[in-house]
A.B. asks: 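Attaching a single structure in structure tokens format; questions to follow.
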Amino acid sequence: MGRLRVAVLGASGLVGQRFCEMLSDHPFFDTPALFGSEKSGGRTVAEVLTIPEPRISDELLSARISPLDTDSVIRENFDAVFSALPTPVAASVEMGMMQRGARIFTNASPNRMRADVPLVVPEVNHEHLSMVSGKKGFIVANGNCSSIGLAIGLKPLETLGLMNVEVTTMQALSGAGYPGVPSLDAAANIVPFIEAEEEKLSQEIPKMLGRLDGGAVIPSAVNVAATCTRVPVRDGHMESVSVEVGRETSVDEVSRLFASFSSLPQELALPSAPAKPVIYREERNRPQPILDVNAGYPARARGMAATVGRLRVEGRHVRFIVLTHNTIRGAAGGSVLNAEILRSKGVL
Ligand SMILES: NC(=O)c1ccc[n+]([C@@H]2O[C@H](COP(=O)([O-])OP(=O)(O)OC[C@H]3O[C@@H](n4cnc5c(N)ncnc54)[C@H](OP(=O)(O)O)[C@@H]3O)[C@@H](O)[C@H]2O)c1
């Protein structure tokens, strides 16, 4: 299989810079073409950097960002277009580009719940990707960054029967993009509300955990109630999860389910797949964003593993904490891994 030509829309933003990391020296994809708004147009990636300790190749650091012109993106006929556009911009351009033949892997929310758009967390519901097979243009959506972490935490427990889920999120500041939350709201503070976030968790999890029937997703019956908060952490969404499952279980059984969890990306040994998608920690004080946000190996999969800890089980009630890197596993890395799956299946 030859190398694929790809583009990143919103390349100067927090998620866009993570795309630059994930696509640096990638074995499947050429150095991407980069697009932003007029603001970053003409500047290099090195000139717009806002992420800490970027792992971006010299070639990409010196690459120039062009102002987005959707006609030229369509004309270039990229094999895959990675989108990190803000919601209103994505709402106005992504569907039109798809109808003109673009194969879009988006992180924006407007099209996530459309019946013809698979909402895919690679290790959770990679089979939903078959919805785009044989289509010239398509959109594959990533979920909300907290939904992705929660879906990875819930998937290993599916065999126990998932019934009711209560989750309280502690979401990093980078989840709001750059410059994001005003400093006087963020510093030494917790904001107990994030616009439209709780609804996204309640709606997206049943779709992600749904089953495919005749090309359509039948949502899971799992019921999700969420409380979303913003905390003064730079990167990493932590979630305190309480799940009612269908039968009595034990710490032994649940810890084994977490520790042994594996899926198609691991089987295919894809470049961005973490060897262990869930890292289960027994220590009472883990996970912590500062220690665990970049979990995942080999090096290319840094930030791609979810860390689960604080496991407690009483009868049919399972409680745990899950931590994921919001702009890597919760955004750019998830899109790149979805594209790697489609490339390995010959769809791209
Ligand atoms: N941050 C997260 O943790 C996270 C996680 C999951 C999903 N998401 C979603 O991913 C998307 C990007 O988030 P982000 O955090 O990276 O936001 P961000 O830091 O604000 O970056 C936004 C990007 O979009 C570009 N842009 C803005 N207006 C544009 C326009 N009119 N035409 C073309 N490009 C335009 C910006 O370019 P300029 O710099 O040139 O203006 C920048 O590259 C959003 O839809 C967000 O909801 C974010």
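Just so you know, ligand 1 is whichever comes first in the structure, and atom 1 is the first atom listed for that ligand. Start at 1 with the first residue, then count along the sequence. Being a predicted model, the structure only gives us computed values, none of them experimental.
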A.B. asks: Between Glu253 and Arg256 (salt bridge meaning N to carboxylate O under 4.0 Å), is one present in this structure?
C.D. replies: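 Looking at Glu253 and Arg256, the cut-off is not met.
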
A.B. asks: Given the rule in the salt bridge (Lys or Arg N to Asp or Glu O under 4.0 Å) test, do Arg211 and Glu127 qualify, once you have shown the distances and angles that lead to the verdict?
C.D. replies: CA-CA 9 Å; Arg211 78 188 154 78; Glu127 66 279 6; over 6 Å; no

A.B. asks: If we ignore hydrogens and angles and just use 3.5 Å, is the side chain of Gln17 paired with the main-chain N or O of Thr50 as donor and acceptor?
C.D. replies: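 Looks like yes, one N/O pair under 3.5 Å.
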
A.B. asks: Can you list the ligand 1 atoms lying under 4.0 Å from a non-hydrogen atom of Thr327?
C.D. replies: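 So the atoms of ligand 1 that pass are 1 (N), 2 (C), 3 (O).
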
A.B. asks: I want to confirm something. Looking only at heavy atoms, which of Leu85, Leu9, Val15, Thr87 is nearest to atom 44 (C) of ligand 1?
C.D. replies: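 Looking at heavy atoms only, Leu85 sits closest to atom 44 (C) of ligand 1.
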
A.B. asks: Look only at interatomic distance and state if Val89 has a nitrogen or oxygen under 3.5 Å from any nitrogen or oxygen of ligand 1.
C.D. replies: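 Val89 vs ligand 1: no N/O contact under 3.5 Å.
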
A.B. asks: Looking only at non-hydrogen atoms, find the nearest pair between Gly334 and Met304 and report the distance.
C.D. replies: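 In this case the closest contact between Gly334 and Met304 is N-CE, 4.1 Å.
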
A.B. asks: For atom 3 (O) of ligand 1, grab the closest protein heavy atom and report residue, atom and distance to one decimal in Å.
C.D. replies: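 Answer for atom 3 (O) of ligand 1: Asn326 ND2, 2.9 Å.
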
A.B. asks: Decide whether an N or O pair under 3.5 Å exists between Leu68 and ligand 1.
C.D. replies: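 Such a contact does not occur with ligand 1.
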
A.B. asks: If you have a sec, work out which protein heavy atom is nearest atom 15 (O) of ligand 1 and how many Å separate them, to one decimal?
C.D. replies: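 Protein heavy atom with the smallest distance to atom 15 (O) of ligand 1: Gly177 CA, 3.1 Å.
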
A.B. asks: Taking atom CD of Glu283 as the centre, does the number of heavy atoms from other residues, nucleotides or ligands within less than 6.0 Å exceed 12?
C.D. replies: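 For Glu283, atom CD is crowded (more than 12 foreign heavy atoms under 6.0 Å).
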
A.B. asks: Which one of Ala108, Ser40, Gly13 has a non-hydrogen atom at the shortest distance from atom 40 (O) of ligand 1?
C.D. replies: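 Nearest heavy atom to atom 40 (O) of ligand 1 lies in Ser40.
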
A.B. asks: For atom 46 (C) of ligand 1, grab the closest protein heavy atom and report residue, atom and distance to one decimal in Å.
C.D. replies: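 Minimum-distance protein heavy atom for atom 46 (C) of ligand 1 reads Asn107 O, 4.4 Å.
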
A.B. asks: For the backbone of Ala63 and the side chain of Thr44, can you confirm whether one donor and one acceptor N or O come within less than 3.5 Å of each other?
C.D. replies: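 Answer holds: no.
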
A.B. asks: Can a donor-acceptor pair be found, under 3.5 Å and without considering hydrogens, that links the side chain of Arg5 to the backbone of Glu76?
C.D. replies: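 Yes: the side chain of Arg5 pairs with the backbone of Glu76.
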
A.B. asks: Got Asn142 and Asn338 here, is their nearest side-chain heavy-atom distance under 4.5 Å?
C.D. replies: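 Yes, their side chains come closer than 4.5 Å.
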
A.B. asks: List the steps, then state whether ring-ring contact (aromatic ring centres under 6.0 Å, His included) holds for Tyr280 with Phe261.
C.D. replies: CA-CA 10 Å; Tyr280 174 69; Phe261 179 64; over 10 Å; no

A.B. asks: Heavy atoms only: which of Gly10, Pro86, Ser12 is nearest to atom 26 (N) of ligand 1?
C.D. replies: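 When every heavy atom of Gly10, Pro86, Ser12 is considered, Pro86 comes closest to atom 26 (N) of ligand 1.
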
A.B. asks: Run the numbers for me: atoms of ligand 1, each under 4.0 Å from some heavy atom of Ala11, listed by number.
C.D. replies: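 Numbered from 1, ligand 1 contributes 43 (O).
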
A.B. asks: Can you list the ligand 1 atoms lying under 4.0 Å from a non-hydrogen atom of Ala331?
C.D. replies: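 Near Ala331, meaning under 4.0 Å from one of its heavy atoms, ligand 1 has 5 (C), 6 (C).
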
A.B. asks: Is any N or O atom of His237, backbone or side chain, closer than 3.5 Å to an N or O atom of ligand 1?
C.D. replies: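 No, since none of the N or O atoms of His237 sits under 3.5 Å from an N or O of ligand 1.
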
A.B. asks: Is Leu160 close to Arg247 at the side-chain level, that is, under 4.5 Å between some pair of heavy atoms?
C.D. replies: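 Yes, close enough: below the 4.5 Å cut-off.
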
A.B. asks: Could you list the atoms of ligand 1 found under 4.0 angstrom from a heavy atom of Gly330?
C.D. replies: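 Matching atoms, with element in brackets: 5 (C), 6 (C).
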
A.B. asks: Nearest non-hydrogen contact with atom 23 (C) of ligand 1 belongs to which option: Ser147, Gly16, Ser37, Ala84?
C.D. replies: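 Result: the heavy atom closest to atom 23 (C) of ligand 1 is in Ala84.
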
A.B. asks: Which protein non-hydrogen atom lies closest to atom 33 (C) of ligand 1, naming both residue and atom, and how far is it?
C.D. replies: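 It is Gly36 O, 3.3 Å.
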
A.B. asks: Would one find an N or O of Cys145, backbone or side chain, under 3.5 Å from an N or O of ligand 1?
C.D. replies: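 By distance alone, the answer is no.
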
A.B. asks: Same cluster for Ile74 and Leu85 if Ile/Leu/Val/Met/Phe/Trp/Tyr side chains link at under 4.5 Å?
C.D. replies: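 Yes, Ile74 and Leu85 fall within the same hydrophobic cluster.
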
A.B. asks: Any heavy atom of Ala90 sitting closer than 4.0 Å to ligand 1?
C.D. replies: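 The answer is no: ligand 1 sits nowhere under 4.0 Å from a heavy atom of Ala90.
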
A.B. asks: Could you list which atoms of ligand 1 come closer than 4.0 Å to a heavy atom of Ser174?
C.D. replies: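 Numbered from 1, ligand 1 contributes 1 (N), 2 (C), 3 (O).
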
